[in-house]
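Here the structure is laid out as structure tokens; the discussion comes afterwards.
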There are 2 protein chains.
Amino acid sequence: MDSLHAASPAAVTTAEAPAGRPSHAELANAVRMLAVDAVEAAKSGHPGMPMGMADAATVLFTRFLKFDAQAPDWPDRDRFVLSAGHGSMLLYALLHLTGVPGLDIDQLRRFRQLDSLTPGHPEHGHTPGVETTTGPLGQGLANAVGMALAERMMQARFGAELVDHRTWVIAGDGCLMEGLSQEAITLAGHLRLSKLALLWDDNAITIDGSTAVSTSDDQLRRFEAAGWAAMRVNGHDPQAVAAALAWARTNDRPTLIACRTIIGYGAPTKAGTEGVHGAPLGPEETAGARRALGWTAAPFEVPEPIRAAWRAAGSRGAAERGRWLDRLAAAEPARRADFERALSGDLPEGWREVVAAVKRRASAAGAAVATRKASQDALEALTAAIPELVGGSADLTHSNLTLTKALRPVTGADMSGRYIHYGVREFAMAAVMNGLALHGGLVPYGGTFLVFADYMRNGIRMAALMGLRVVYVLTHDSIGLGEDGPTHQPVEQVAGLRASPNLLVFRPADAVETAECWELALGNEGGPSALCLSRQALPTLRREHTEENRCAAGAYVLAEAEGGERRATLIATGSEVAIAMQARERLQADGVPTAVVSMPCWELFARQATEVRRAVLRPGTVRVAVEALGGFGWERWVGEEGAVVAMPGFGASAPAPDLYRRFGITAEAVVEAVRARL
Amino acid sequence: MDSLHAASPAAVTTAEAPAGRPSHAELANAVRMLAVDAVEAAKSGHPGMPMGMADAATVLFTRFLKFDAQAPDWPDRDRFVLSAGHGSMLLYALLHLTGVPGLDIDQLRRFRQLDSLTPGHPEHGHTPGVETTTGPLGQGLANAVGMALAERMMQARFGAELVDHRTWVIAGDGCLMEGLSQEAITLAGHLRLSKLALLWDDNAITIDGSTAVSTSDDQLRRFEAAGWAAMRVNGHDPQAVAAALAWARTNDRPTLIACRTIIGYGAPTKAGTEGVHGAPLGPEETAGARRALGWTAAPFEVPEPIRAAWRAAGSRGAAERGRWLDRLAAAEPARRADFERALSGDLPEGWREVVAAVKRRASAAGAAVATRKASQDALEALTAAIPELVGGSADLTHSNLTLTKALRPVTGADMSGRYIHYGVREFAMAAVMNGLALHGGLVPYGGTFLVFADYMRNGIRMAALMGLRVVYVLTHDSIGLGEDGPTHQPVEQVAGLRASPNLLVFRPADAVETAECWELALGNEGGPSALCLSRQALPTLRREHTEENRCAAGAYVLAEAEGGERRATLIATGSEVAIAMQARERLQADGVPTAVVSMPCWELFARQATEVRRAVLRPGTVRVAVEALGGFGWERWVGEEGAVVAMPGFGASAPAPDLYRRFGITAEAVVEAVRARL
């Protein structure tokens with residue numbers, strides 16, 4: 001490896017192709033100039049990274065990536081993740097040149113314009129061939145760890161003839177500076193994800209200038225400390241890059257390839273500076289780049305021989321795909337059916353009956369049980385019934401109660417398990433779960449304390465943005481956790497989650513609602529769900545079994561007013577529904593007909609028709625909400641004249657009953673709030 | 001170092017003290033047994049870590065830490081941070097034994113009880129001697145990096161005779177698994193914070209069991225790759241620990257000391273297992289620990305010779321403090337006054353006049369200017385006037401516009417600058433800013449994109465919980481950022497921040513409001529502030545200079561209804577105030593007397609008296625809010641009958657004007673919403 005290590009970034013690309021076939025440089029320059037032209041046309045964007053990484057990406061796409069442009073989503077393709085998502089034109093140029101349907105040249109001309117297939121950062125589900133949405137740094141890399149892990153787990157289940165592919169990532173200095181990258185690479189190293197390779201765009205430039213203004217890391221050593229194989233190459237030397245990629249395929253560990261590159265390679269005056277990172281080159285510099293690269297074609301034009309060579313590269317995987325389809329067709333029918341069902345995202349038949357049985361048992365038992373424990377009870381049944389359901393926790397297994405008898409740990413040596421010990425890596429857990437879901441075939445859930453949803457906030461956001469079915473098991477969901485105190489007591493997290501588009505936030509009141517919310521979360525195929533669960537035991541309020549999933553409406557009347565027209569409506573979630581029920585009892589005893597509304601999911605309730613919502617909430621009655629959280633946003637449901645019995649600020653360290661008293665989250669306070677408004 | 005590296009965790013503590021003086025083991029066992037007894041009494045808590053780290057902490061506190069228990073907050077003390085905050089009883093035992101006033105034995109008996117000085121996790125500002133609130137893993141370490149950096153910066157300004165101290169941290173496996181730790185250690189290594197030493201409680205146990213279930217890192221190598229000196233010792237061998245701490249003082253880099261320890265050291269059957277991490281030992285195991293450690297005193301009792309030795313250790317720093325006071329008294333008066341003022345937190349006289357001048361210029365210029373640019377204009381004046389104001393950005397300096405002419409970069413070689421290139425490390429930036437503020441003498445601000453406030457969410461939370469004056473400069477605050485698309489367009493972040501207790505969230509509408517919000521943020525001594533600023537240019541709406549800071553009320557009538565009784569009230573923040581003004585113009589032209597309320601800060605407005613709020617919002621008029629964000633929580637201000645013109649979901653990639661049209665954030669939409677309700 002010495003000669004590779006010694007490779008200088010100043011070395012010029014000199015690879016010559018056989019006569020008549022375009023050279024590597026010509027192929028790479030097509031990528032470069034499409035990126036330059038698109039950014040010029042958009043008058044905004046990031047040309048520097050595509051110009052710098054065009055050589056390495058060309059080697060990957062023309063010689064290594066298992067990819068069929070005509071079927072960019074076939075299950076056994078290699079995954080390619082552009083973690084440095086701002087370099088989106090690199091990816092769009094590659095997808096266009098290889099011939100992915102839909103990505104015609106007009107889409108590149110409309111880079112960053114409304115409704116184009118070429119948004120500023122790559123968006124999964126929007127553009128064919130884009131494996132994950134990237135831009136928030138570090139997450140693409142962590143998604144890729146999830147994809148590589150999914151491949152190993154799916155192979156363990158279905159065999160190498162159906163699942164056998166690699167995951168390749170391009171990441172920049174920014175990705176590697178994010179702490180998330182450490183979480184992701186240490187997990188990948190620990191799990192020995194040998195089919196994962198990371199090409200680091202080692203250009204020594206970030207937005208603030210030279211990386212030397214903010215970092216002095218020895219990255220190779222860092223990756224090696226995390227159990228990776230690592231080497232450095234001249235990222236503009238295709239032979240060196242090819243040798244490194246070939247080496248990556250032989251490693252028994254994940255591989256880092258530091259590609260020494262020049263950002264904006266080819267730009268005559270701006271190359272190697274931060275000036276080329278995030279702004280168009282401008283007409284003069286663009287013309288200079290054309291001259292420097294020997295590129296004579298007009299903007300957005302690619303000479304036919306080069307285009308043809310790229311098309312050929314794009315169909316390199318067609319034969320492999322054909323063989324895979326043959327193997328799939330020849331597979332044992334039950335295994336094939338299982339495989340296809342898992343990939344389709346349809347859960348096994350009968351899974352809803354499993355939930356119904358859990359509900360029936362819970363309402364019959366009528367026990368006081370923490371909803372985290374009720375969640376584990378539901379998971380015992382669900383993990384047994386749904387083989388693609390994959391659990392885990394960020395080192396809080398015994399607290400989140402996420403482990404069940406059906407699940408064995410996933411380890412580097414044995415990928416047939418279904419429980420991932422994520423370690424104290426909340427953000428990576430969220431991003432890896434996104435990768436598992438993106439890969440297909442798996443439905444991941446993962447646990448941490450609700451307050452530490454903060455640590456993975458943007459990972460949750462990306463799941464919502466991409467519409468991925470992942471489930472967060474967020475236990476210890478209020479001051480009810482007691483003595484661990486305010487650092488561990490969520491006050492504002494639920495409001496923050498409720499504010500997110502396309503995220504279902506559940507806070508079930510008892511064991512029955514917990515089972516119902518699990519059913520809704522697993523049935524929520526188009527986005528993530530968060531289950532906010534209590535540490536402390538809660539009485540079972542739903543003592544009569546119903547076939548209907550009452551939580552599906554988001555909110556429902558748990559106890560209607562009696563003895564006359566309803567005058568007060570108490571609205572609560574989770575552990576405070578029992579408090580509302582106590583308050584109702586007192587108000588009823590005082591002759592105030594009072595209803596209790598359990599509202600486990602605001603988002604589902606907001607989807608109900610206005611008249612349905614009015615029938616439940618009854619504007620005109622005195623409305624009082626009670627939630628042992630910060631109360632933010634409750635005016636939506638109680639109106640301006642209503643009251644919210646909630647936490648006045650952060651919590652404190654003490655036994656839970658002392659805290660409920662201290663902060664006034666009590667039936668008395670609810671009763672008083674109603675009386676003051678009658 | 002070889003003999004130290006070879007030290008086995010099984011080695012027994014054998015250090016013998018001179019006749020008559022308690023041995024190291026006796027001193028350490030006092031810490032151990034107080035922790036055990038307190039957890040037993042509380043029936044909850046974490047005994048394992050205090051038992052494991054008692055030896056190393058005893059060496060630190062009795063021989064190295066510059067500490068005077070009678071004045072636990074004197075400015076030139078060494079800082080000690082317990083990053084593994086769940087081991088709080090280790091810290092409480094040390095503070096109690098050294099004689100910190102207030103921490104009597106009764107407080108230890110009341111561990112984790114309401115209103116005790118001994119909450120479940122250490123809380124700064126609540127318990128004397130607690131330098132920072134810890135529990136959320138990794139953050140104490142990052143706070144310590146901030147403290148160590150503050151020491152270097154303060155020394156550069158005031159000289160070594162006034163500022164010359166060290167920062168010591170204890171962190172566990174959990175802290176080091178968090179990605180945040182990587183951000184913090186790479187920044188510390190880059191800045192060569194040689195007076196920072198980290199004692200890693202290397203016990204190979206996390207909550208899920210052996211660390212081997214989730215990590216395979218070579219930590220020493222990792223730290224070395226980040227520019228640290230690193231070594232491993234037997235954490236139960238006081239000589240070895242002392243040698244390592246002495247070595248740390250000689251290094252020109254930050255130092256990692258991996259202390260191989262046995263979690264729950266002394267517990268006869270549970271030591272070395274996760275069972276001793278987070279639960280009381282129980283009576284039998286406690287009795288066994290007493291026997292194993294040779295500890296015969298009753299619970300919460302400490303034999304007098306041991307107590308006396310600890311008291312002596314606690315006053316080790318008294319003489320040093322005396323000499324420091326002498327040097328301070330002898331210091332040149334102007335420097336001394338500057339130093340004392342900086343530490344007091346009072347900003348220099350005249351700083352508010354500086355803001356007034358900025359406002360005057362802005363209203364006179366009347367230009368269309370992005371509020372991020374207006375922020376930079378304000379900062380130009382403020383950084384020139386306030387020497388303790390310290391800026392920075394998470395690698396978005398040119399986008400956040402956080403750098404001013406008065407600020408030079410802080411580098412490892414020259415700490416006299418006041419601008420910190422945090423690199424792409426948002427979470428560390430927040431936690432390091434907390435450390436800078438906790439240290440005293442500095443007022444930090446730092447920038448990133450608003451959407452990436454997600455990455456540092458819990459660091460913001462900790463600032464709010466501790467009541468630290470730090471300012472977040474969060475630019476690109478809506479779809480107004482345009483082409484970078486939904487990954488970069490904040491929709492839910494502002495609601496999440498508004499939901500936080502003790503955090504002021506500002507979204508100024510123009511250059512004048514931006515200056516006013518900066519004044520409010522810097523004047524907000526008891527907590528953090530977030531400034532949400534536009535990328536795009538906004539017209540100056542406040543064209544007449546007012547001495548009064550109108551934003552101080554949180555919301556105010558920017559334009560009152562004309563031509564009759566007010567019928568409509570348009571409420572907006574930031575970039576949408578101009579849209580509300582356009583809508584008002586049309587409604588007024590149609591004969592609908594309409595007022596516009598600018599509401600730059602919900603939290604300040606919520607503090608106003610009810611009648612003030614009603615006078616501004618006028619319930620009974622048609623109220624419509626407009627904000628190019630998710631709209632969550634606005635029912636509070638517009639009522640149930642009002643409307644919110646807001647984003648229906650995530651954004652998209654396109655030029656900003658296209659996006660405002662696409663998502664209907666327009667004057668037309670506001671007018672329509674009013675008309676539908678008239």
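Convention: sequence-line order gives letters A, B, ...; per-chain numbering from 1. Side chains are part of it too, since the values below use all heavy atoms of this structure and drop only hydrogens, waters and symmetry mates. It should be emphasised that the depicted structure is a prediction, and the values quoted were computed from it without experimental measurement.
- For B/Arg662, the part lying under 4.5 angstrom from a heavy atom of chain A is the side chain only.
- Interface check for chain A: of the options B/Asp208, B/Asp218, B/Val638, the most heavy-atom pairs under 4.5 Å are formed by B/Asp208.
- Top candidate by heavy-atom pairs under 4.5 Å with chain A, chosen from B/Gly227, B/Pro655, B/Gly189, is B/Pro655.
- Of the residues considered (A/Ala652, A/Gly496, A/Gly639, A/Gly633), A/Gly639 shows the highest number of contacts with chain B, using heavy-atom pairs under 4.5 Å.
- Across A/Gly485, A/Ser500, A/Gly630, the residue that shares the most heavy-atom pairs under 4.5 angstrom with chain B is A/Ser500.
- A donor-acceptor contact shorter than 3.5 Å is absent between the side chain of A/Glu483 and the backbone of B/Gly120.
- Only the side chain of B/Leu659 has a heavy atom closer than 4.5 Å to any heavy atom of chain A.
- Evaluation of the salt bridge (Lys or Arg N to Asp or Glu O under 4.0 Å) rule for A/Glu224 yields B/Arg221 as partners, not counting sequence neighbours.
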- Task: Go through the steps for B/Val491 and A/Arg461 under the test side-chain contact (heavy atoms from CB on, under 4.5 Å), then give the verdict.
- Result: CA-CA 10 Å; B/Val491 169; A/Arg461 179 175 216 259; 4.3 Å; yes
- Message: Using the rule given for side-chain contact (heavy atoms from CB on, under 4.5 Å), can you reason through B/Thr487 versus A/Thr133, listing the C-alpha separation, both sets of side-chain angles and the distance that settles it, and then say yes or no?
- Response: CA-CA 8 Å; B/Thr487 56; A/Thr133 301; 3.4 Å; yes
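- Of the two parts of A/Val494, neither the backbone nor the side chain holds a non-hydrogen atom closer than 4.5 Å to a non-hydrogen atom of chain B.
- Counting heavy-atom pairs closer than 4.5 Å to chain B, the top-ranked of the candidates A/Thr186, A/Asn458, A/Ile420, A/Asp395 is A/Asp395.
- Residues A/Glu178 and B/Glu426 meet the side-chain proximity criterion, which asks for heavy atoms closer than 4.5 Å.
- No donor-acceptor distance shorter than 3.5 angstrom exists from the side chain of B/Asp217 to the backbone of A/Ala226, with no hydrogens or angles considered.
- With a 4.5 angstrom heavy-atom cutoff, A/Phe452 touches chain B only via side-chain atoms.
- For B/Pro486, the parts sitting under 4.5 Å from any heavy atom of chain A are the backbone and the side chain alike.
- Neither the backbone nor the side chain of B/Trp228 has a heavy atom closer than 4.5 Å to any heavy atom of chain A.
- Side chain of B/Asp658 to main chain of A/Leu114: no donor-acceptor pair is present (N/O by atom type, distance under 3.5 Å, no hydrogens or angles).
- A donor-acceptor pair under 3.5 Å is absent between the side-chain atoms of A/Gln182 and the main chain of B/Gly179, judged by distance alone.
- Heavy-atom distances place no part of B/Arg110 under 4.5 Å from chain A, backbone and side chain included.
- For B/Met462, the part lying under 4.5 angstrom from a heavy atom of chain A is the side chain only.
- For chain A, the nearby part of B/Ser44 is the side chain; its heavy atoms alone come within less than 4.5 Å.
- In this structure, B/Glu492 and A/Arg457 have side chains that are in contact, with non-hydrogen atoms separated by less than 4.5 Å.
- Proximity to chain B is absent for every atom of A/Pro122, based on heavy atoms less than 4.5 angstrom apart.
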- Item | Steps toward ring-ring contact (aromatic ring centres under 6.0 Å, His included) verdict (B/Phe427, A/Tyr455) | CA-CA 9 Å; B/Phe427 198 176; A/Tyr455 275 58; 5.0 Å; yes
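- Distance check: B/Ser653 OG to A/His126 NE2 gives 8.0 Å after rounding to the nearest 0.5 Å.
- Of the listed residues B/Val451, B/Leu187, B/Asn502, the one with more heavy-atom pairs under 4.5 angstrom with chain A than any other is B/Val451.
- The backbone N or O of B/Asp484 sits less than 3.5 Å from a side-chain atom of A/His121, completing a donor-acceptor pair.
- Proximity to chain B (any heavy atom under 4.5 Å) is shown, for A/Arg192, by neither the backbone nor the side chain.
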- Task: Run the numbers on B/Arg636 and A/Arg636 for side-chain contact (heavy atoms from CB on, under 4.5 Å), then give the verdict.
- Result: CA-CA 7 Å; B/Arg636 180 175 186 180; A/Arg636 180 175 188 181; over 6 Å; no
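- Only the side chain of B/His46 comes within contact range of chain A, with at least one heavy atom under 4.5 Å from a heavy atom of that chain.
- Comparing B/Gln493, B/Met456, B/Met647, B/Arg222 by how many heavy-atom pairs each has under 4.5 Å with chain A, the most go to B/Arg222.
- Taking B/Ala654, B/Gly135, B/Pro501 one by one and counting their heavy-atom pairs under 4.5 Å with chain A, the maximum is reached by B/Pro501.
- For chain A, the nearby part of B/Ala212 is the backbone; its heavy atoms alone come within less than 4.5 Å.
- Interface check for chain B: of the options A/Glu183, A/Glu635, A/Lys43, A/Arg112, the most heavy-atom pairs under 4.5 Å are formed by A/Arg112.
- A donor-acceptor pair shorter than 3.5 Å cannot be found between the side chains of B/His421 and A/Ser214.
- Residue with the most contacts toward chain A among B/Ile185, B/Leu191, B/Val213: B/Val213 (heavy-atom pairs, distance under 4.5 Å).
- Residue contact with chain B, scored on non-hydrogen atoms closer than 4.5 Å, involves the side chain of A/Glu123 exclusively.
- Interface remark: A/Thr134 contributes backbone atoms only to the contact with chain B (heavy atom separation under 4.5 Å).
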